[in-house]
*Asks:* 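Structure below; questions to follow.
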Amino acid sequence: MRKPTLQEVVQKMLTFEGSDKATMLGIGPMSKTLIKACMTLAKDKDFPLMFIASRNQVDADSLGGGYVCNWNQETFAAAIKEVAAETNFDGFYYLCRDHGGPWQRDNERNAHLPEKEAMELGKKSYLYDLLNGFDLLHIDPTKDPYIVGKVIEPDINVNRTVELIDFVETERKKRNLPAISYEVGTEETNGGLTSPENYEKFIQKLHARLDEKNLPHPSFIVGNTGTLTRLTENVGHVDSTSCKELSAVAKKYHVGLKEHNGDYLDDAILLEHPALGVTAMNVAPEFGTVETRAYLKLVETEARLAEQGLIEKPSELGQALREESVKSGRWKKWMVDGKDKLTPEEIFKDAELTQLIMEISGHYTFNNDRVKKEIAKLYENLAVSGIDGEKYVICKIADAIDHYVECFNLKGLTSKLR
């Protein structure tokens with residue numbers, strides 16, 4: 001059958017009652033190995049996959065490309081299609097742009113690009129998304145480097161959002177491409193979407209402006225429910241009442257509440273999500289950390305086998321991950337207590353901090369030539385002793401994702417949507 005659009009999926013999920021209620025999971029595509037784990041699990045548990053790629057992770061070569069496997073939109077889509085064939089996955093999967101729009105690449109924001117230039121780059125990125133079959137575009141023009149520590153005026157947010165959706169729809173219709181779904185809003189504090197009152201006012205203003213231009217309404221609207229990921233834990237305070245109120249407001253306007261930064265939340269919080277009406281939640285860095293830790297566990301095994309004389313020359317993956325993770329500098333955004341100001345030299349003097357940085361940012365280095373070479377060497381060494389290293393890594397990632405599948409009542413959802 002034809003794959004339903006995410007707009008159609010959300011509309012159906014909003015009608016679910018009782019034991020049918022579920023919360024979809026947006027998964028950060030940290031590696032091809034992670035995608036294999038996702039499809040292996042989704043095939044077994046019968047749930048739809050949403051791969052949420054940020055512009056830093058996947059983007060056009062002309063805009064700087066992405067750090068995940070050097071993927072642009074075309075090679076990202078091709079890689080996922082290839083993995084689906086390898087795993088015989090015939091369920092639903094969706095390519096989703098996470099935090100698309102102006103200033104969403106680190107270099108654009110750090111350069112303080114003027115609004116007009118940043119908006120044009122955001123549009124170019126969306127056009128590549130559109131041309132390569134993305135199913136959902138997150139329209140997020142709130143990461144404005146000129147507005148720091150303040151709430152962006154709702155009218156500015158709405159104006160930019162409508163301009164971007166208008167651009168995509170014009171290009172889509174010009175090329176006679178199929179309908180696409182949209183996500184709007186942000187979990188960032190400067191997005192202003194924190195209270196049910198502000199949330200509803202934003203929806204009302206946005207819908208009115210979209211209706212004026214005969215543009216489609218979004219499928220998801222992001223709400224800040226208190227999640228906040230730092231290091232390898234969620235340091236936010238999720239407010240159940242806020243979740244319930246925001247989801248009720250969203251449902252009133254026939255859209256789904258989308259929650260970001262859901263990594264590392266406690267089971268008690270995750271389990272209540274379907275009941276509270278949260279339509280979808282994004283998780284990304286946690287799965288990258290799980291994959292990194294799986295490699296490190298294999299490094300331990302490799303060292304033990306080498307001590308027994310069963311491996312002649314161990315890989316240097318542990319050292320490569322430590323050094324390349326720290327040098328990448330990408331760990332800074334997850335740090336607390338001013339540690340983001342430390343130099344690599346200072347960090348290497350602290351073994352515990354170095355280990356932590358490796359665990360939270362190792363996934364940024366998976367496409368590094370040095371790291372890829374050592375992973376291959378690790379797998380080769382382990383295979384001699386009958387250990388399938390890649391299978392182990394896939395298993396660990398799948399276990400981490402399955403944790404959310406069970407809490408979110410996702411098992412069997414694809415069949416319900418057919």
Side-chain angles (χ1 to χ4, degrees), residues 6-7 9-18 20-26 50 52 96 98-99 136-143 151-155 157-158 161 181-210 216-229 234-284 404 407-410:
L6 277 172
Q7 172 72 357
V9 169
V10 169
Q11 296 311 305
K12 191 159 187 177
M13 288 183 68
L14 290 176
T15 68
F16 287 167
E17 297 290 343
D20 286 333
K21 285 188 174 183
T23 298
M24 292 186 75
L25 178 65
M50 292 195 303
I52 52 162
C96 307
D98 186 34
H99 292 293
L136 176 78
L137 300 183
H138 181 191
I139 310 294
D140 182 8
T142 65
K143 216 154 192 177
V151 173
I152 286 183
E153 290 293 330
D155 287 343
N157 190 356
V158 169
T161 299
S181 302
Y182 294 95
E183 173 180 341
V184 302
T186 180
E187 84 282 4
E188 302 290 347
T189 54
N190 65 350
L193 305 182
T194 54
S195 70
E197 293 77 20
N198 285 341
Y199 192 66
E200 183 162 16
K201 286 177 183 177
F202 175 77
I203 296 175
Q204 291 173 337
K205 285 188 176 184
L206 178 64
H207 278 192
R209 288 291 308 283
L210 292 172
H217 290 183
S219 303
F220 296 108
I221 298 187
V222 182
N224 182 357
T225 62
T227 58
L228 180 62
T229 305
N234 204 300
V235 299
H237 301 282
V238 178
D239 188 323
S240 301
T241 300
S242 178
C243 287
K244 184 179 178 181
E245 291 177 345
L246 291 176
S247 67
V249 171
K251 186 173 183 179
K252 177 180 175 182
Y253 294 92
H254 308 290
V255 298
L257 168 64
K258 184 86 171 290
E259 189 177 45
H260 285 206
N261 291 335
D263 311 67
Y264 309 112
L265 287 176
D266 185 80
D267 282 5
I269 296 172
L270 296 176
L271 284 163
E272 70 178 3
H273 270 54
L276 295 175
V278 179
T279 311
M281 188 180 81
N282 287 356
V283 176
Y404 289 92
C407 287
F408 286 170
N409 197 31
L410 283 173

*Asks:* Report the residues that fulfil side-chain hydrogen bond (donor to acceptor under 3.5 Å, both in side chains) with Gln204, sequence neighbours left out, ordered by chain and then residue number.
*Replies:* Tyr253

*Asks:* My understanding is that only residues two or more places apart in sequence, or in another chain, count here; which of them pass side-chain hydrogen bond (donor to acceptor under 3.5 Å, both in side chains) with Glu153?
*Replies:* none

*Asks:* For Leu206, which residues count as a side-chain contact (heavy atoms from CB on, under 4.5 Å) partner, sequence neighbours excluded?
*Replies:* Val158, Thr161, Val162, Val184, Phe202, Leu210, Pro218

*Asks:* Taking His273 for its side chain and Ala280 for its backbone only, find out whether a donor-acceptor pair lies under 3.5 Å.
*Replies:* no

*Asks:* Kindly indicate whether the side chain of Pro154, heavy atoms from C-beta on, has any atom under 4.5 Å from the side chain of Lys201.
*Replies:* no

*Asks:* Would the number of heavy atoms belonging to other residues, nucleotides or ligands and lying under 6.0 Å from NZ of Lys21 be above 12?
*Replies:* yes

*Asks:* Just jot down the salt bridge (charged side-chain N to carboxylate O under 4.0 Å, His left out) partners of Asp155, sequence neighbours excluded, or say none.
*Replies:* Lys205

*Asks:* Which atom pair, heavy atoms only, marks the closest approach of Gln11 to Thr15?
*Replies:* O-CG2, 3.4 Å

*Asks:* Go through the structure and list residues passing side-chain hydrogen bond (donor to acceptor under 3.5 Å, both in side chains) with Ser247, not counting sequence neighbours.
*Replies:* none

*Asks:* Quick one: side-chain contact (heavy atoms from CB on, under 4.5 Å) partners of Glu245, sequence neighbours excluded?
*Replies:* Pro196, Thr241

*Asks:* Are any side-chain N or O atoms of Ser181 and backbone N or O atoms of Gln7, one a donor and one an acceptor, separated by less than 3.5 Å?
*Replies:* yes

*Asks:* Check side-chain contact (heavy atoms from CB on, under 4.5 Å) between Ala284 and all other residues, then give those that pass, not counting sequence neighbours.
*Replies:* Met30

*Asks:* Please list, chain by chain and in numerical order, all residues satisfying side-chain contact (heavy atoms from CB on, under 4.5 Å) with Glu197, sequence neighbours excluded.
*Replies:* Ser195

*Asks:* Using the salt bridge (charged side-chain N to carboxylate O under 4.0 Å, His left out) criterion, which residues pair with Asp20? Sequence neighbours excluded.
*Replies:* Lys416

*Asks:* Looking only at non-hydrogen atoms, find the nearest pair between Asn409 and Ala22 and report the distance.
*Replies:* O-CB, 3.5 Å

*Asks:* Within the structure provided, determine whether Thr227 and Met281 are in side-chain contact (heavy-atom separation under 4.5 Å).
*Replies:* no

*Asks:* Would the distance check show the side chain of Tyr404 and the main-chain N or O of Leu410 forming a donor-acceptor pair, the cut-off being under 3.5 Å?
*Replies:* no

